[in-house]
Amino acid sequence: MPDTLHRDAPAPVTLDRREGPYGEVVLRRRGDDFEIIANGCFLMDTSDGRSERLLIDAALAALPADRPAPSVLIGGLGVGFSLVRAAAEPRWGRIAVAEREQAIVDWHREGPLAAISAAALADPRTGILTTDLVAHLSTTTDRYDALCLDIDNGPEWTVTEDNTSLYSPAGLADCRARLTPGGVLAVWSAQPSADFEQALRNAGFSGVRTEEVSVARGVPDVVHLALRTD
């Protein structure tokens, strides 16, 4: 997302910088907040986690209320807000998190971000999959009641070129195949996309809709929601 929130904030301090298989990832501290930069692109920070929490809440609300211990796959650990929200909800069963950057996992397990996520990581329902989300969805035989995906700034603004395949017909078919009947796909985005909504419908999803959430920087984030009804 564009880093418009920090125009008048203190200069960032780099805490860690690593070169991984998908490019450079950087952890910075800006005042009291932490932020993650991927390949020079501002990805997310800890200043306002409302939209990350909405991603989890909206997916759970879309599931049948009587579904016991639904499982969720969170795509992207990020700063940990989505995982923390899921772990705080006793209704969730298995909570899997796919994060391809080992550096981000390390920052949560033994670095500064542990202050946010330590309790959620220790939850027995939580499991971290250190793997590329796109590859996981195309190869695993696991199925989930909800997929909550937040690996880019949106379907039309990807962090790496490889991620574009997630939003393609083949990628959406993989998402649908990994959902149980009645399961929900929730995709975070920095802006709404009518084209992506249509792509979801073309991929066989129903109940396609977009929820907005106001955030500190002033431009609402959104969550695209879609159901597998068969």
Taking atom types as modelled, is there a side-chain donor on Ser193 or Asp195 under 3.5 Å from an acceptor on the other?
no
Does Trp188 reach the side chain of Leu54, with side-chain heavy atoms less than 4.5 Å apart?
no
May I ask you to check whether over 12 heavy atoms, not counting those of Asp230, lie within 6.0 Å of atom CG?
yes
Please name the residue in the list Leu185, Val184, Val208, Leu179 that meets the side-chain contact (heavy atoms from CB on, under 4.5 Å) test with Leu227.
Val184
Taking ring-ring contact (aromatic ring centres under 6.0 Å, His included) as the definition, give me every residue that meets it alongside His108, ordered by chain and number, with sequence neighbours left out.
none
Glu35 and Thr46 side chains, donor-acceptor separation under 3.5 Å
no
Is it the case that Arg228 places NZ or CZ above or below the six-membered ring of Phe205, under 6.0 angstrom from the centre and within 45 degrees of the axis?
no
Quick one: ring-ring contact (aromatic ring centres under 6.0 Å, His included) partners of Phe196, sequence neighbours excluded?
Tyr167, His224
Between Arg29 and Pro112, is any pair of side-chain heavy atoms under 4.5 Å apart?
no
No-hydrogen, no-angle side-chain donor-acceptor test under 3.5 Å, Ser206 and Thr229:
yes
Quick one: which residue pairs count as a salt bridge (Lys or Arg N to Asp or Glu O under 4.0 Å) with a foot in residues 144-170, not counting sequence neighbours?
Arg67-Asp145
My understanding is that only residues two or more places apart in sequence, or in another chain, count here; which of them pass side chain to side chain donor-acceptor pair (under 3.5 Å) with Thr140?
none
Will you find, in the side chains of Ser138 and Arg178, an N or O donor that is under 3.5 Å from an N or O acceptor?
no
Quick note, salt bridge (Lys or Arg N to Asp or Glu O under 4.0 Å) partners involving residues 115-125, not counting sequence neighbours, are Asp123-Arg125
Checking Ser189 side chain against Val222 main chain: does a donor-acceptor pair fall under 3.5 Å?
no
Minimum heavy-atom distance between Cys41 and Trp157, given as atom pair plus value:
SG-NE1, 4.4 Å
Note, Leu200 side chain near Leu225 side chain (heavy atom, < 4.5 Å):
no
Cation-pi check, Arg28 to Phe34: give yes when NZ or CZ is under 6.0 Å from the six-membered ring centre and within 45° of the ring axis, no otherwise.
no
May I ask you to decide whether Arg17 forms a salt bridge with Glu24, counting only side-chain N to carboxylate O separations under 4.0 Å?
yes
Mark yes or no for whether Arg94, through its side chain, and Ser71, through its backbone, hold a donor-acceptor pair below 3.5 Å.
no
Are any of the side-chain nitrogens in Arg209 or Glu211 under 4.0 Å away from the carboxylate oxygens of its partner?
yes
Is any NZ, NE, NH1 or NH2 atom of the basic residue among Arg18 and Asp106 found under 4.0 Å from an Asp or Glu carboxylate oxygen of the other?
yes
Sorted by chain and residue number, the side chain to side chain donor-acceptor pair (under 3.5 Å) partners of Asn39 (sequence neighbours excluded) come out as none
